[in-house]
Amino acid sequence: VKLYDHFNVERVIRLYTSLIKGYGRTNRPTMITQCMREMVTTYGLSYDSVLMNCAMDAYIRCGKPLAARQIFKTMKSRADHQPTISPNTRSYNILLKSCYEDEDMDYALDLIEEMESCDCPSNHITINTLINICIGKGLYEQAEDLIYSDSRVTVEGYTALIHEYIKQS
């Protein structure tokens, strides 16, 4: 950030998105929080769905799924008197990834139900992530059911289950 200041780089949301992504990749969750706070308080910028999704993903990479879930809640009901930011399919898929990390099948199913109720279409990433959550919980039959019942499953879904069966034998 100091380098940006030194060269007088204009503060735009995409700059912060890049910084947050980098902090997620280098496991620096406190810097994610600081970066988001600075963006609003110091430079008067507003969040958008791309930045919020990026922050959720970065927190998950840092092993902080609850921070990601808090951002998701914030997207839906802003307490800071700014307009809400509607979660999109990517938002839900990112949160599903947090369920994979901590094998929280109940929360994953709640997210899927919420996606359907708010007209946010699931996609192949959604289905493959659900398969991985099932595998992580040892729910192999449910993973197979998803594979056989949903045409959006890609090679990642199939190979994840095959790989798990090979590990088990």
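- The backbone N or O of M36 lies less than 3.5 Å from a partner atom in the side chain of Y47, making a donor-acceptor pair.
- When all heavy atoms are compared, the tightest approach of P121 to T89 is O-OG1, 2.7 Å.
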Start with the C-alpha gap between M75 and M56, add the side-chain angles, then the distance that decides, and say whether side-chain contact (heavy atoms from CB on, under 4.5 Å) holds.
CA-CA 11 Å; M75 288 174 77; M56 285 191 302; 4.1 Å; yes
What do the steps show when you test T33 against Y59 for side-chain hydrogen bond (donor to acceptor under 3.5 Å, both in side chains), and what is the final call?
CA-CA 9 Å; T33 306; Y59 277 124; 2.4 Å; yes
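- Of the options T159, N123, T154, a side chain to side chain donor-acceptor pair (under 3.5 Å) to N128 is made by T154 and by none of the others.
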Any chance you could lay out the side-chain contact (heavy atoms from CB on, under 4.5 Å) test for E144 and E141, step after step, and finish with the verdict?
CA-CA 5 Å; E144 282 184 31; E141 285 185 32; 5.6 Å; no
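- Distance check: C35 SG to L15 CG gives 7.0 Å after rounding to the nearest 0.5 Å.
- L109 and F72 fall within the same hydrophobic cluster, where Ile, Leu, Val, Met, Phe, Trp and Tyr residues are linked whenever their side-chain heavy atoms come under 4.5 Å apart, directly or through other members.
- Checking Q168 against Y140 by side-chain atom types alone, a donor-acceptor pair falls below 3.5 Å.
- A tilted orientation is assigned to the rings of Y43 and Y16, their planes being inclined by 30° to 60°.
- Note that CG of N132 is 11.5 Å distant from NZ of K97, once rounded to the nearest 0.5 Å.
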Determine whether R152 and T126 satisfy the following criterion, side-chain contact (heavy atoms from CB on, under 4.5 Å), listing intermediate values before the conclusion.
CA-CA 9 Å; R152 297 170 295 173; T126 312; 5.9 Å; no
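- Residues Y148 and I127 fall within the same hydrophobic cluster, defined by Ile, Leu, Val, Met, Phe, Trp and Tyr side chains chained together at heavy-atom separations under 4.5 Å.
- Using a 4.5 Å heavy-atom threshold, the side chains of V50 and I13 count as separate.
- The shortest non-hydrogen separation linking G157 to I131 is O-CG2, 3.8 Å.
- Note: the hydrophobic cluster containing I162 does not contain L146 (ILVMFWY, side chain heavy atoms under 4.5 Å, direct or indirect links).
- A heavy-atom distance below 4.5 Å is found between the side chains of I112 and L96.
- Heavy atoms only, all atoms of each residue included: T26 and R28 are closest at OG1-CD, 3.2 Å.
- Residue I125 is not grouped with residue L95 when hydrophobic side chains (ILVMFWY) are merged at heavy-atom distances under 4.5 angstrom, including chains of intermediate members.
- The shortest non-hydrogen separation linking L130 to A108 is CD2-CB, 4.2 Å.
- When hydrophobic clusters are built by joining Ile, Leu, Val, Met, Phe, Trp and Tyr residues whose side-chain heavy atoms come closer than 4.5 Å, directly or via intermediates, I135 is grouped together with Y165.
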Carefully, step by step, assess S91 and M115 under the rule side-chain contact (heavy atoms from CB on, under 4.5 Å).
CA-CA 10 Å; S91 308; M115 276 179 94; over 6 Å; no
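- Surrounding CD of E113 are at most 12 heavy atoms belonging to other residues, nucleotides or ligands under 6.0 Å away.
- The distance from atom NZ of K137 to atom SG of C99, rounded to the nearest 0.5 Å, is 10.5 Å.
- Taking CD of Q142 as the reference point, atom OG of S149 lies at 11.5 Å (rounded to 0.5 Å).
- The CZ atom of R14 sits 7.5 Å away from atom CG of L51, with the distance rounded to the nearest 0.5 Å.
- Taking CE of M52 as the start and CD1 of I94 as the end, the distance is 11.5 Å to the nearest 0.5 Å.
- Taking each heavy atom of S46 and M39 in turn, the nearest pair found is O-CE, 3.4 Å.
- Listed here is the closest heavy atom pair of A55 and I20: CA-CG2, 3.7 Å.
- Under 3.5 Å, the side chains of T129 and N93 contain no donor-acceptor pair of N or O atoms.
- For the pair Y92 and C118, the minimum side-chain heavy-atom distance is below 4.5 Å.
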